[in-house]
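These notes are about the structure you will find just below.
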Amino acid sequence: METELSRELGIEHAIFGFTPFPAVAAAISRAGGFGVLGAVRYTDPQELARDLDRLEELADGKPYGLDVVMPAKKVEGVTEADVEAMIPEAHRGFVQELLTRYGVPELAEGEASGWRITGWMEEVARGQLDVAFDHPIKLLANALGSPPPDVVERAHAHGVLVAALAGSAEHARRHAAAGIDVVVAQGYEAGGHTGEIGSMVLVPEVVEAVAPLPVLAAGGIGSGEQAAAGLALGAQGVWLGSLWLTTEEADLHSAALTRKLLAAGSGDTVRSRALTGKPARQLRTVWTDAWDDPAGPGTLPMPLQGLLVAEAVSRIQKYEVGELLGTPVGQIVGRMTSERSVQAVVDDLTRGFERAVTRINRIAGRSAT
Ligand SMILES: Cc1cc2nc3c(=O)[nH]c(=O)nc-3n(C[C@H](O)[C@H](O)[C@H](O)COP(=O)(O)O)c2cc1C
């Protein structure tokens, strides 16, 4: 699976893997793909520095990247406490009522909520970038919009390619105008924040919109045949997030959650604002149902919702409260039926890709005669 972009990055397969786990990112790169570590959960730059050191050590000199959630517009001087103060009491009461109804225990005294998505804050994301540019990252991706111009400039000065996720051709055009090097066209099926256009329609639209910029196909890819489809639609590689969640190297901290993912079918996810305030695909649970119920108070806009539910999500994960336990994941969860090593997943993807190419060649040969 070689394309111009994979050759530029010096990787064997044009398979890009987004993951929150350094060991998974390293294993993807070691297996000949390109591992990208998600930085959004790192509030402490020192912790990110330690994990990037570890990734580098495990990656055996193979290239890797970092994904940040950098706001395109600067929001100066706003602290987490200012944002917390904007959360209505009624919403806090709703969270409390749900936790009580399902008997979710409290965290131990002094135990900090381990799940605080504050990487979207300007000061946090900037701290992450200082650490990132001290490491030999080869690609910097941004989740929600184009990164600010000074960040694009800084990345280019370090010889780092800049990628950005796009859920529509319009988003993609904006990225191209902002000087982005690689567009990740992420379809409706994908895990995490996602738009409303399916990958099959989106990928060729984005390829056309930003040509000749390279595009990566994302959303709903879990086999080599699906990867081949993405490349057939004009992408220069594929970008996968969900599939790595059930690899042996992943550290979900919850055997119950892994079991839930392995048992889930492709219809068991929902695009809900319950986690962050923006539509994000995740496992459907009684938690997402409660937030999406018109009889409830509804979700708050980003970033309020994320801060509102942070502690509750930590408690649900820590105590593995079955009905409420969830995670961002895409519709491809239906194919995630066994725990495998990252190497085995990559081998399976490349074998499937070869099968698809053989099949299409055969069909093309037959139709030509
Ligand atoms: C658990 C999880 C967390 C994610 N978090 C982020 C994130 O922080 N930043 C980002 O750019 N994309 C994030 N994504 C989206 C992935 O980068 C990727 O585009 C998506 O998973 C591709 O679709 P797939 O899930 O069908 O493979 C996340 C996806 C998952 C499954």
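Reckoned from all heavy atoms, side chains included, excluding hydrogens, waters and symmetry mates. We count ligands from 1, going down the list as the structure has it; atoms in each ligand are counted the same way. Everything quoted here is computed from the prediction, not taken from an experiment.
- Between R340 and D347, none of the side-chain N atoms (NZ, or NE/NH1/NH2) sits under 4.0 Å from a carboxylate O, so this pair counts as no salt bridge.
- Counting non-hydrogen atoms of other residues, nucleotides and ligands closer than 6.0 Å to CD of E170 gives a total above 12.
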Check ligand 1 against the protein and report each N/O to N/O distance under 3.5 Å, formatted as atom name, atom name, distance.
unit_1   : atom_1 : unit_2 : atom_2 : d
ligand 1 : 9 (N)  : D67    : OD1    : 2.9
ligand 1 : 11 (O) : D67    : OD1    : 3.2
ligand 1 : 11 (O) : D67    : OD2    : 2.7
ligand 1 : 17 (O) : W239   : NE1    : 3.0
ligand 1 : 19 (O) : Q186   : OE1    : 2.6
ligand 1 : 19 (O) : W239   : NE1    : 3.1
ligand 1 : 21 (O) : G241   : N      : 3.4
ligand 1 : 23 (O) : G219   : N      : 3.3
ligand 1 : 25 (O) : G191   : N      : 2.9
ligand 1 : 25 (O) : S242   : N      : 3.3
ligand 1 : 25 (O) : S242   : OG     : 2.5
ligand 1 : 26 (O) : G220   : N      : 2.7
ligand 1 : 27 (O) : G241   : N      : 2.9
ligand 1 : 27 (O) : S242   : N      : 3.3

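- With sequence neighbours excluded, the residues that form a side chain to side chain contact (heavy atoms under 4.5 Å, CB included) with H158 are F133, R154, V160.
- For the residue pair Y64 / E56, a side-chain donor-acceptor distance below 3.5 Å is found, with atom types taken as modelled.
- Each of I137, L48, D67 was evaluated against L37; a single residue qualifies, L48, per the side chain to side chain contact (heavy atoms under 4.5 Å, CB included) test.
- Considering CD of Q343 and CZ of R30, their distance stands at 8.5 Å, rounded to 0.5 Å.
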